[in-house]
Amino acid sequence: MKLKNDFEAYLDDYNQIVIYLSKDSFGGKSSFFYLSDKDEVIHNLIIKSIHEQDKGFLKYEVTLKHELIIGEEYEIINEYGRSTILKYRFITKRERFDREFAYSGDDLGISYQKTQTVFKLWAPTANQVKLEIMKDVTVNTIEMNRNDNGVFECTVLGDLEYASYLYLVRVNGQWVETIDPYGIASTSNAKKSIVIDCNRIHKTKYSLPEMKNYCDAIIYELSVRDFTSQKGIGVTFPSTFLGLMEENKETIDKNTGFTYLKSLGVTHLQLMPILDFGSVNEKERSLFYNWGYDPVQFFTLEGSYGLDNNDHYSRIIEFSQLVEACHKAGIRVNIDIVMNHMYEVDKNPLQLVVPYYYVLMSEDGELSNGSFCGNDFDASRKMGRKMILSVCRYLIETFDIDGLRFDLMGILDIETMNQVSKLCHALKSDFMVYGEGWNMPSMLPYEKRACMQNEKKLVDIAYFSDYFREISKGFCCGNTSLIEAMKSCLNATIIDYGNQVTVSSPSKAIHYVECHDNHTCWDWLSIYLKKENYEVRMKCHIMLLMVTILSQGIPFLHSGQEFACTKQGRSNTYRDGDWINQIDYERRNQFHFLVSITKSLIQIRKNYSLFRLSCMNDIKKQITFEEIDHQVLIYHLQDDYNKIIVILNPTPHVFHYPLQGRFHLLFYYQEIKAEEKENDLVIDQYASIILTKYKHR
């Protein structure tokens, strides 16, 4: 680890202290150390070992005869009479620490009533905590009381609604100023937390279409900012929660924004991060652009999506209204949450209040970086897990959301995600829990990671299938050597770089070929099939839409995919601005035929339960495959009432297929069909075909 001072000391266990001395000071040598408490009582320390480090200092491991009181301040004194504060470090990672200090109450943060507000902050290693609160122009600083489990508490009388507050925390020998880690409202750019009354957030319940299992879902991902940022689409409040739900004569006439969203027929709207993120100035939102995968506050909504930064209820009420509007339209709402890391970890309120506790670290002080964002959240600690569970509960109970998509879920641990699933489904039986199950290289042991390779240890949690993405792109663009792998994709099998992961249910597999990351599907096709003409690329795009929507499992579409959106060949445009990321409704109009195809494929999936089988045994019984010359894939689905044939020809060749009986042609090539076919069926080059017929009952 990098030393900030020549002399540093850390409490790493209940009887273990680690001391670092720079070689620039007395050669880093000290023959003895003492510990001094607040009463200046001196305790002798026992040096167990000395290690010479390659970064210019000596590391001393010492023990003490008497256990320390967690939260008290201590100093370490070396043989030269120099002293340094003993900092609480890896002791916070010990199981005993969690047993002694983990808090089971559900009242951290504020509990507001009109006559009083209770403030609670979990800070077991802190020596003192003060509440600084401002109401109107009056500022009061109040000493908080330390209670059991290291929870600091105070009750302030009077009506504190709209009051701003901060915590002043004395920890590891210094005072730090921080917002409330459990705060649900804040001023712009998370400068201060705000007291609000949650009873003012009203919800109207609407009946939603039945959802028997995850496979009934059709997920549509969008950014609040992107969906209404284009000028001239009739939206009065672009790039906001209100703008996303806005409907007026112009949006209806132009079929833009929420009007357009409703027309698609998707069942679930997945919103890219809407909880407070750090890379957009909420007062000057046009200055910076970002998708929002850099979390600052885990309970507070992003201020740039609210209409009025001076109204602390604005973003909260407006998001609640957005969810309500979606529910009224029969669309469920899922939220993309980022719990795997912190933005600017050293400034995050969790790290400020309880240093080292909430981040994964090595015993050498190195931060885990499986997220590639500089740090990884430690959900395996009881209060880290509690934080995540509390966020889930708050979002469901306050806003009535319908699902959570966990960014880089493989950073989190299995026990945490199972508890998330249990809690969410207890609160809402048809709730969706899913995420990126990549096996990330974090410091969390592999056997504990909530990655797709550990699928059998996780309950009712779905995963994005990058295997489906890669195989589908390859096969639908003409690589017929992938025909067997394509069958497994249609059957909801997830493969991880050659190692098959046999999922226990198709409801655990999310199928996609485009999401916010990387190139759009159309841009990828333009690169991969650069030698082919527009017509071939469009037929491949249609085939990719078809396999995504009609495969077993859960289909996932990214906004704009349905009209071949382009970002001009740019990849991973997380900060590239509105001009490249905005939904282009003019292009939507240009490719209206592709939108119609997408809508029809969605409706076909809804109409035929054979595309939504929820059991692997049913898939084995009701789905078979056929090939023509190892190039054309024929996907058969049948039950007691229906027989469906889906034909995929990713080649420049024409084939013939003998139909056994009379079929109704639903879809051919790039046209919605309504005609009868029998005997010989001509399969044109790059054709995607759907046929069906009722069986005798």
Side-chain angles (χ1 to χ4, degrees), residues 198-214 216-228 233-272 274-275 301-302 305-308 313-337 392 394-405 424 427-432 554-557 559 562 583 585 588 595 598-599 602-603 605-607:
C198 282
N199 291 323
R200 290 181 56 178
I201 308 170
H202 299 293
K203 298 184 293 291
T204 301
K205 292 278 189 177
Y206 291 95
S207 296
L208 289 163
E210 182 183 21
M211 181 177 166
K212 295 179 180 178
N213 60 76
Y214 285 12
D216 287 337
I218 301 167
I219 302 171
Y220 186 79
E221 178 191 45
L222 64 79
S223 157
V224 171
R225 180 163 179 165
D226 296 349
F227 207 66
T228 59
I233 64 172
V235 174
T236 312
F237 310 111
S239 300
T240 63
F241 294 134
L242 279 185
L244 181 54
M245 62 171 283
E246 184 178 355
E247 284 194 285
N248 54 51
K249 185 177 185 305
E250 190 172 357
T251 66
I252 293 171
D253 289 345
K254 293 182 176 180
N255 191 26
T256 55
F258 196 61
T259 306
Y260 173 61
L261 174 65
K262 293 195 301 183
S263 74
L264 292 174
V266 297
T267 66
H268 287 69
L269 171 63
Q270 178 186 299
L271 296 174
M272 289 165 64
I274 58 157
L275 296 174
L301 294 167
E302 167 59 23
Y305 294 154
L307 198 60
D308 184 359
Y313 283 96
S314 174
R315 63 183 96 171
I316 300 172
I317 298 296
E318 290 153 17
F319 177 66
S320 182
Q321 291 172 342
L322 170 60
V323 176
E324 187 177 304
C326 288
H327 285 177
K328 186 177 181 180
I331 301 172
R332 289 174 165 87
V333 178
N334 299 349
I335 295 176
D336 188 343
I337 62 172
C392 297
Y394 171 74
L395 292 172
I396 297 171
E397 292 183 342
T398 305
F399 300 110
D400 196 26
I401 65 165
D402 305 284
L404 288 168
R405 181 264 193 195
C424 293
L427 293 172
K428 210 168 189 178
S429 60
D430 58 359
F431 199 85
M432 294 190 75
I554 308 160
F556 175 98
L557 301 172
S559 54
E562 72 277 12
I583 294 300
Y585 289 96
R588 187 278 314 268
V595 177
T598 305
K599 290 180 182 180
I602 287 172
Q603 194 58 51
R605 182 179 180 89
K606 287 182 172 180
N607 289 346

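At a threshold of 4.0 Å, the pair K262-E247 counts as salt-bridged, since one of the basic side-chain nitrogens sits closer than that to a carboxylate oxygen.
The shortest heavy-atom contact between S320 and H202 is OG-O, 3.3 Å. Scanning both residues, S314 and G306, for their nearest heavy atoms gives OG-C, 3.9 Å. When every heavy atom of A217 is checked against every heavy atom of M211, the shortest pair comes out as CB-CE, 4.2 Å.
Residue N213 holds its CG atom at 9.0 Å from CE of M432, rounded to the nearest 0.5 Å. Going from atom CE of M245 over to atom CG of L261 covers 12.0 Å, rounded to the nearest 0.5 Å. Rounding to the nearest 0.5 Å places CD1 of I201 at 12.0 Å from CD of E397. Note that the CD1 atom of I337 and the CG atom of L271 stand 12.5 Å from one another [nearest 0.5 Å]. The distance from atom SG of C326 to atom CZ of F258, rounded to the nearest 0.5 Å, is 4.5 Å. Between E302 atom CD and M272 atom CE the span is 12.5 Å, to the nearest 0.5 Å.
For T251 and E246, the side-chain atoms include no donor-acceptor pair closer than 3.5 Å.
The shortest side-chain heavy-atom distance between L264 and T598 does not fall under the 4.5 Å cut-off. Two residues are said to be in side-chain contact when any heavy atoms from C-beta on lie closer than 4.5 Å; Y585 and N255 fail this criterion. Here the side chains of L395 and L275 are in contact, with some heavy-atom distance below 4.5 Å. With contacts defined as side-chain heavy-atom distances shorter than 4.5 Å, the pair F319/I335 qualifies. A 4.5 Å side-chain heavy-atom check between R332 and D430 finds at least one atom pair inside the cut-off. Side-chain contact between I554 and I219: present, with at least one pair of heavy atoms (C-beta onward) separated by less than 4.5 Å. L301 places a side-chain heavy atom less than 4.5 Å from the side chain of F399. Side-chain contact between F237 and T228 is absent, with no heavy atoms from C-beta onward closer than 4.5 Å.
Side chain of T240 to main chain of Y305: no donor-acceptor pair is present (N/O by atom type, distance under 3.5 Å, no hydrogens or angles). Using a distance-only test at 3.5 Å, with no hydrogens or angles considered, no donor-acceptor pair links the side chain of N334 to the main chain of R405. Checked by atom type and distance alone, the side chain of E318 pairs as donor or acceptor with a backbone atom of L307 at under 3.5 Å. Here the side chain of D226 pairs no donor or acceptor atom with the backbone of I583 at under 3.5 angstrom. Looking only at distances, a side-chain donor or acceptor of K428 sits under 3.5 Å from a matching main-chain atom of D400. The closest donor-acceptor contact from the side chain of T267 to the backbone of I218 lies under 3.5 Å.
Between F227 and Y220, the angle of the ring planes goes over 60°, which puts this pair in the perpendicular group of the 30/60° scheme.
Dense packing is recorded around NZ of K203, with more than 12 heavy atoms of other residues, nucleotides or ligands lying under 6.0 Å away.
No option in L322, I401, T204, L208 other than L208 meets the side chain to side chain contact (heavy atoms under 4.5 Å, CB included) test with H327.
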